[in-house]
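Atom set for the values below is all heavy atoms of this structure, side chains included, hydrogens, waters and symmetry mates excluded.
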Amino acid sequence: IYELKTYHIETPAQEAMLDSYLEKAFIPAAHRHGVDKVGVFKPIASQPDAGQKVYVFIPFKSLDEFEAFEGKLLKDQTYLKDGDSYINAAFDNPPYKRIETAILRGMSEHPKFASSKLTNDKKDRVYELRSYEGPTERLYRQKVKMFNSGEMDIFEKLNCSPIFYGETIAGANMPNLMYMTTHENMEIRDEHWNQFRADPDWAGMKDLEEYKNTVSRNDTRLLYPTNYSDL
């Protein structure tokens, strides 16, 4: 089970407050309470929402673990101390404008998240977060089947080092699936997509009748991991 939180921010001061909280309070507390890795990502400079959003990816082993997590944080005195400026921020000086949350379940053929295999500087990387919305639940399920039946294998073959593939079970844009691939830089990201479009496995499945009209909207977000992100 994955929680994907999107913090909407308006000022550099909010971004700094949020960075300090995530790095010094939230992620260490998450580690203490059984969450091995937390991903924190921001839009790359060329994106229209650069400086306006922060994405936090939190993988849980189950819905029960997700449900119990906040209660554990609120009993963690170290977390409460380290995160005091965020937790007790004044009403007229909040650390964000709003939080948007989606809950996802790992897909059957890629049920667990994975760390990126990239080794270059995090600031240079491009992490691509995509949301594919379906026009109906039935057609959405066909797109999920397409991923499980070969589409995600192409990303693996092209060394796109995926972080996760997930079906949204609660969120704002359902029915939709979401996934994240990683690339050393924008040039390699573009090269990967050119290779994907030319791949014979993709050519063999993209026009199959069962997979037609399965995506009504593709929302693509180009991000980079913060220097304190685990992923």
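Hydrophobic clustering of Ile, Leu, Val, Met, Phe, Trp and Tyr side chains at less than 4.5 Å, counting indirect connections, keeps Tyr55 apart from Ile99. Residues Ile163 and Met107 do not share a hydrophobic cluster, clusters being chains of Ile/Leu/Val/Met/Phe/Trp/Tyr side chains in contact below 4.5 Å. Cluster annotation: Met152 is not connected to Leu129 through the hydrophobic network of ILVMFWY side chains, with a link wherever side-chain heavy atoms come within less than 4.5 Å. By the criterion of side-chain heavy atoms lying less than 4.5 angstrom apart, applied directly or through intervening Ile, Leu, Val, Met, Phe, Trp or Tyr residues, Phe164 is not grouped with Ile154; the two fall into different hydrophobic clusters. Both Ile87 and Phe26 are members of a single hydrophobic cluster when ILVMFWY side chains are connected at heavy-atom separations under 4.5 Å.
Between Tyr86 and Tyr96, the two ring planes are tilted [angle within 30° to 60°]. The aromatic rings of Phe113 and Tyr2 sit perpendicular, their planes meeting at an angle over 60°, well past the 30° parallel limit. Note on ring orientation: taking the six-membered ring where Trp is involved, the planes of Phe155 and Trp193 are perpendicular (angle over 60°, cut-offs 30° and 60°).
A donor-acceptor contact closer than 3.5 angstrom links the side chains of Glu191 and Gln195. Using modelled atom types and a 3.5 Å distance limit, the side chains of Asn148 and His110 yield no donor-acceptor pair. For the residue pair Asp84/Asn88, the side-chain donor-acceptor check at 3.5 Å is satisfied. With no hydrogens or angles considered, a side-chain donor-acceptor pair links Asn218 and Thr220 at under 3.5 Å. Donor-acceptor pairing under 3.5 Å is recorded for the side chains of His183 and Thr181.
A salt bridge links Arg32 to Asp76: one of the charged nitrogens lies within less than 4.0 Å of a carboxylate oxygen. Remark: Arg197 does not engage Asp199 in a salt bridge, criterion side-chain N to carboxylate O under 4.0 Å. Salt-bridge annotation for Arg189 and Glu187: absent, with no side-chain N of the basic residue lying under 4.0 Å from a carboxylate O of the acidic one. Of the charged side-chain nitrogens involved, at least one lies within less than 4.0 Å of a carboxylate oxygen, so that Lys145 and Glu210 count as a salt-bridged pair.
Contact check for Tyr165 versus Leu177: no side-chain heavy atoms found under the 4.5 Å cut-off. Under the 4.5 Å side-chain criterion, counting only non-hydrogen atoms from C-beta, Met186 is in contact with Asp190. Put simply, the side chain of Arg221 does not reach to within 4.5 Å of the side chain of Glu128, judged on heavy atoms. Between Leu104 and Leu4 the shortest side-chain heavy-atom distance falls below 4.5 Å. For the pair Met146 and Gln142, the minimum side-chain heavy-atom distance is 4.5 Å or more. Side chains of Asn185 and Arg125 form no contact here, defined as non-hydrogen atoms less than 4.5 Å apart. Residues Pro59 and Phe57 meet the side-chain proximity criterion, which asks for heavy atoms closer than 4.5 Å. Taking the side chain as every heavy atom from C-beta outward, His33 and Tyr79 never approach each other to under 4.5 Å.
Between atom CG of residue Leu231 and atom CD1 of residue Ile58 there is a gap of 11.0 Å, rounded to the nearest 0.5 Å. Taking CG from Asp153 and CG from Asp201, the interatomic distance works out to 8.0 Å, rounded to the nearest 0.5 Å. With rounding to the nearest 0.5 Å, the separation of CD1 in Ile1 from CG in Leu63 is 4.0 Å. In this structure, Glu167 CD and Ser108 OG are separated by 7.5 Å, a value rounded to the nearest 0.5 Å. With rounding to the nearest 0.5 angstrom, the CE atom of Met180 is 12.5 Å from the CZ atom of Arg130. Distance CZ/Phe196 to SG/Cys160: 8.5 Å, rounded to 0.5 Å.
Side-chain rings of Phe147 and Tyr179 approach one another, their centers coming within less than 6.0 Å. Note: Tyr127 and Tyr224 fail the aromatic proximity criterion, with ring centroids not under 6.0 Å apart.
Residues Leu222 and Val126 approach most closely at CD2-CG1, 4.1 Å, considering heavy atoms. Between Glu184 and Asn120, the closest heavy-atom pair is O-ND2, 2.9 Å. Taking every heavy atom of both residues into account, Ser216 and Gly134 meet most closely at OG-C, 3.4 Å. Of all heavy-atom pairs spanning Thr182 and Ser116, the tightest one is OG1-OG, 3.0 Å. Scanning all heavy atoms of the two residues, the minimum distance from Ala25 to Asp82 falls at CB-C, 3.7 Å. Among all heavy-atom pairs drawn from Ser149 and Met205, the shortest one is O-CE, 4.2 Å.
For Arg105, the CZ atom counts as loosely surrounded, since its 6.0 Å shell holds 12 or fewer non-hydrogen atoms of other residues, nucleotides or ligands. Summarising the local packing, NZ of Lys97 is surrounded by 12 or fewer heavy atoms from other residues, nucleotides or ligands at distances under 6.0 Å.
No donor-acceptor pair under 3.5 Å is formed between the side chain of Glu151 and the backbone N or O of Trp202. Under the 3.5 Å distance criterion, the side-chain polar atoms of Asn176 are left unmatched by any main-chain donor or acceptor of Tyr132. Looking only at distances, no side-chain donor or acceptor of Thr168 sits under 3.5 Å from a matching main-chain atom of Gly171. Thr101 places no side-chain N or O within 3.5 Å of a backbone atom of Lys5 that could act as its donor or acceptor partner. Looking at Lys61, its side chain does come within 3.5 Å of a backbone N or O of Gly34 through a donor-acceptor pair. Looking only at distances, a side-chain donor or acceptor of Thr214 sits under 3.5 Å from a matching main-chain atom of Tyr211.
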Only pairs under 3.5 Å count here: list side-chain donor-acceptor contacts from residues 35-52, not counting sequence neighbours, and write none if there are none.
from: Lys42; atom 1: NZ; to: Glu15; atom 2: OE2; distance (Å): 2.8
from: Lys42; atom 1: NZ; to: Asp19; atom 2: OD1; distance (Å): 3.1
from: Lys42; atom 1: NZ; to: Asp19; atom 2: OD2; distance (Å): 2.8
from: Asp49; atom 1: OD2; to: Lys53; atom 2: NZ; distance (Å): 3.4

Does the salt bridge (Lys or Arg N to Asp or Glu O under 4.0 Å) test come out yes or no for Lys212 and Asp207, once each step is laid out? CA-CA 7 Å; Lys212 288 183 178 179; Asp207 294 325; over 6 Å; no
